[in-house]
Amino acid sequence: MRPAIGALSGLVAAGAGLAAAEVAGAITRPEATPLLVVGAAVIDLVPRPVKEFAVATFGTADKAVLLGGMAVTLAALAALVGSAARRRPAIGDAGIVLAGLIGVIAALTRPDGGLLDGLPSVLGAAVAIALLRLLLTRAPREAPRQDAGVLAPAPPPTRPDAVATPTPAAEAPGGFDRRGFVLLAGAAAAVSAGVGAGARWYASSKAESAAAARKITLPAPAAPAPPLPDGADLELEGLAPFLTPSTAFFRIDTALSVPRIDATAWTLRIHGRGATERRYSFDDLLNRSDLMERDITLACVSNPVGGSYIGNARWIGVPLAALLEEAGVRPPSEGGPADQIVSRSSDGMTIGTPVADVLDGRDAMLALGMNGRPLLPEHGFPVRMLVPGLYGYVSACKWIVEIELTTFDAFDAYWVPRGWSDRAPIKTQSRIDTPRPGARLDAGRVVVAGVAWAQRVGVDAVEVRVDDGPWRPARLAAEDTTDTWRQWVLEWEAGPGEHRLSVRATDRNGALQPGDESPPAPDGATGWHTIDVTVE
């Protein structure tokens with residue numbers, strides 16, 4: 001029973017410390033709270049295979065799993081520290097100070113960290129120490145240990161006529177004021193939960209209010225996207241729609257807390273080698289006369305063969321090439337001294353993009369809107385970068401605040417030292433959307449459909465194979481542009497039994513999608529998507 005009291009004291013103290021840290025974070029910066037800064041440090045430090053395993057296993061829930069695992073680990077450590085502190089309070093102080101120090105170091109070493117970012121961890125540690133000490137004053141006291149071979153002093157003689165008087169538990173040696181402890185621990189836990197939730201709500205509502213300080217209306221673009229051609233969306237059950245809804249668009253990034261940015265205060269800085277420094281406000285971009293609208297497919301390099309980390313949307317934004325040209329940037333082929341654009345996010349993330357790819361005529365942009373509305377915070381509000389034909393980790397910086405012109409020799413962006421390629425054009429791929437893997441189907445006519453993409457070139461053919469039979473051509477949907485995916489469909493007369501379906505695509509240059517399987521690292525997965533189904 002008594003060790004459990006110490007463990008409970010540690011848990012309650014840790015909860016109070018986290019609540020106090022949330023309060024400090026709401027006042028200074030919500031992203032600087034201990035769980036978030038330590039979690040971000042963990043993401044930065046874990047080896048690439050661990051990251052790949054997390055994405056492959058948990059998908060877009062990887063951040064929730066990380067935070068949940070950290071919470072469980074913290075709870076276990078708090079329980080151990082509390083149990084040890086019951087005998088030696090100094091151990092409790094030392095354990096909490098160490099945890100606070102880790103939080104401070106993690107906060108101050110973040111790329112976007114400032115001096116005040118250490119305050120939440122400091123305040124949280126101070127509150128945890130104070131409450132743990134207070135709780136332990138109500139916990140049972142340890143009886144003195146008797147050394148071997150030493151007789152305990154004999155109790156004083158009792159008069160025959162003495163009447164025994166019960167001693168209150170709180171006053172007896174080793175006694176336990178159970179009611180006082182329960183009331184104190186329960187009240188502390190309840191207050192901590194309420195204060196922590198309130199602080200988190202306040203920080204979120206404050207950020208939401210700042211982000212929505214005004215109603216943003218996207219202007220009509222000077223260069224609108226052409227209407228979708230008839231037949232571009234086959235509208236088949238189980239097939240991904242041609243345009244992915246913004247709320248269903250995949251999200252892969254390292255931000256444990258989505259940045260909430262006030263568009264009225266946002267600025268973009270362009271500078272570096274061969275560039276005349278320029279700054280733009282959100283209004284500067286929103287009111288430009290060269291806004292364009294384009295349908296662009298965006299893919300994550302972590303997408304496995306047949307994976308879902310890809311989507312297609314209608315984006316509106318400012319041509320990135322125009323902004324660079326206003327700053328005097330020239331491509332390397334014309335003597336420009338920079339061959340890499342390093343885009344920086346508000347949370348310090350860096351992404352490296354070849355200058356030549358942005359200035360070669362493709363529809364690279366700083367996007368302000370997605371599917372007819374301003375960007376969602378999860379997808380980069382107020383501004384994000386997009387470069388068709390490149391995987392997102394080298395082209396699609398969200399929450400962008402800076403563009404620096406430099407060289408690949410001079411600077412490695414975030415993912416390069418972690419084992420990923422510094423250049424990563426999107427590879428030709430195809431995917432079966434319906435039927436689903438493991439599906440049980442009725443014999444007869446079965447619709448097999450999916451999507452294929454070969455950005456900057458275009459998809460020329462898609463073929464499907466049943467078991468080890470011949471490759472059969474699928475019917476292609478109408479093509480929107482070479483920068484978007486293309487739907488396809490095949491009608492299969494399915495006979496009973498276990499069957500394996502495979503798909504492959506050929507681009508407009510006649511290059512067949514590679515069949516050799518390779519993992520996403522270092523520059524994108526290869527292989528033919530294959531599923532197994534049962535026909536009854």
How long is the gap from [atom1] on [X] to [atom2] on [Y], to the nearest 0.5 Å?
X: R362; Y: D357; atom1: CZ; atom2: CG; value: 4.0 Å
X: I426; Y: Q455; atom1: CD1; atom2: CD; value: 4.0 Å
X: T481; Y: I296; atom1: OG1; atom2: CD1; value: 8.0 Å
X: T244; Y: I310; atom1: OG1; atom2: CD1; value: 8.5 Å
X: I252; Y: N303; atom1: CD1; atom2: CG; value: 9.0 Å

Restricting to non-hydrogen atoms, name the atom on [X] and the atom on [Y] that form the minimum distance, rounded to 0.1 Å.
X: P221; Y: E293; result: CG-CB, 3.8 Å
X: T353; Y: F408; result: C-CZ, 4.1 Å
X: V301; Y: D523; result: CG2-C, 3.7 Å
X: L490; Y: P473; result: CD1-O, 3.6 Å
X: V104; Y: G118; result: CG2-O, 3.7 Å
X: A321; Y: V358; result: CB-O, 3.8 Å

Any [X] side-chain heavy atom under 4.5 Å of [Y] side chain:
X: I216; Y: F282; result: yes
X: F242; Y: T484; result: yes
X: V464; Y: W471; result: no
X: T33; Y: L18; result: no
X: D468; Y: R500; result: no
X: P120; Y: P34; result: yes
X: L441; Y: P435; result: yes
X: M70; Y: V38; result: yes

* Just grab all the ring-ring contact (aromatic ring centres under 6.0 Å, His included) pairs involving residues 303-355, residues at least two apart or on different chains. => F249-W315
Would you mind writing out the side-chain donor-acceptor pairs for residues 376-392 within the sub-3.5 Å range, not counting sequence neighbours?
from, atom 1, to, atom 2, distance (Å)
H379, NE2, S246, O, 3.1
R384, NH1, H379, O, 3.3
R384, NH2, A396, O, 3.3
Y391, OH, K427, N, 3.3

* Should R431 and D433 be marked as a salt bridge (Lys or Arg N to Asp or Glu O under 4.0 Å) after you check the CA-CA gap, both sets of side-chain angles, and the distance that decides it? -> CA-CA 6 Å; R431 185 182 76 192; D433 284 354; 2.6 Å; yes
* Show your working on side-chain contact (heavy atoms from CB on, under 4.5 Å) between V342 and I403 and close with a plain yes or no. => CA-CA 6 Å; V342 174; I403 290 176; over 6 Å; no
Determine whether a donor-acceptor pair (N or O, by modelled atom type, separation under 3.5 Å) exists between the side chain of [X] and the backbone of [Y].
X: R486; Y: A477; value: yes
X: S345; Y: G348; value: no
X: Q487; Y: L234; value: yes

* Apply side-chain hydrogen bond (donor to acceptor under 3.5 Å, both in side chains) to S518 and list each qualifying residue two or more places apart in sequence or on a separate chain. =>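 S518 satisfies side-chain hydrogen bond (donor to acceptor under 3.5 Å, both in side chains) with T526 once adjacent residues are dropped.
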* Asked: Using the ring of each side chain (for Trp, its six-membered ring), is W453 parallel, tilted or perpendicular to W485, with breaks at 30° and 60°?
  -> tilted
* Does the side chain of Q513 come under 3.5 Å of the side chain of T506 through a donor N or O and an acceptor N or O? ->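 Per modelled atom types, Q513 and T506 side chains form no pair under 3.5 Å.
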* To do: Take E277 and R269 through the test salt bridge (Lys or Arg N to Asp or Glu O under 4.0 Å) and record every step on the way to the result.
  => CA-CA 7 Å; E277 182 166 335; R269 179 190 180 206; 3.1 Å; yes
* To do: Begin with the C-alpha distance, continue with both residues' side-chain angles, and end with the deciding distance and a verdict on side-chain contact (heavy atoms from CB on, under 4.5 Å) for R273 and T407.
  => CA-CA 8 Å; R273 298 190 184 188; T407 65; 3.3 Å; yes
Of all pairs that satisfy salt bridge (Lys or Arg N to Asp or Glu O under 4.0 Å), the ones with a partner from [range], not counting sequence neighbours:
range: residues 300-315; result: D295-R314
range: residues 502-515; result: D460-R508, E463-R504, E479-R508
range: residues 37-57; result: D44-R110, R48-E52

* Just checking, R418 and Y393: is the charged tip under 6.0 Å from the six-membered ring centre and within 45° of the axis? ->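 Cation-pi check for R418 and Y393: fails.
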* **Residues forming a ring pair (Phe, Tyr, Trp, His ring centres under 6.0 Å) with W492, sequence neighbours excluded** => H499
* Asked: With sequence neighbours excluded, what pairs up with H529 under the ring pair (Phe, Tyr, Trp, His ring centres under 6.0 Å) test?
  -> none
Who passes side chain to side chain contact (heavy atoms under 4.5 Å, CB included) against [X], sequence neighbours left out?
X: E326; answer: R278, Y280, R288, L323
X: E498; answer: T534
X: A255; answer: R251, D253, P259, D347, W399
X: A223; answer: M292, R294

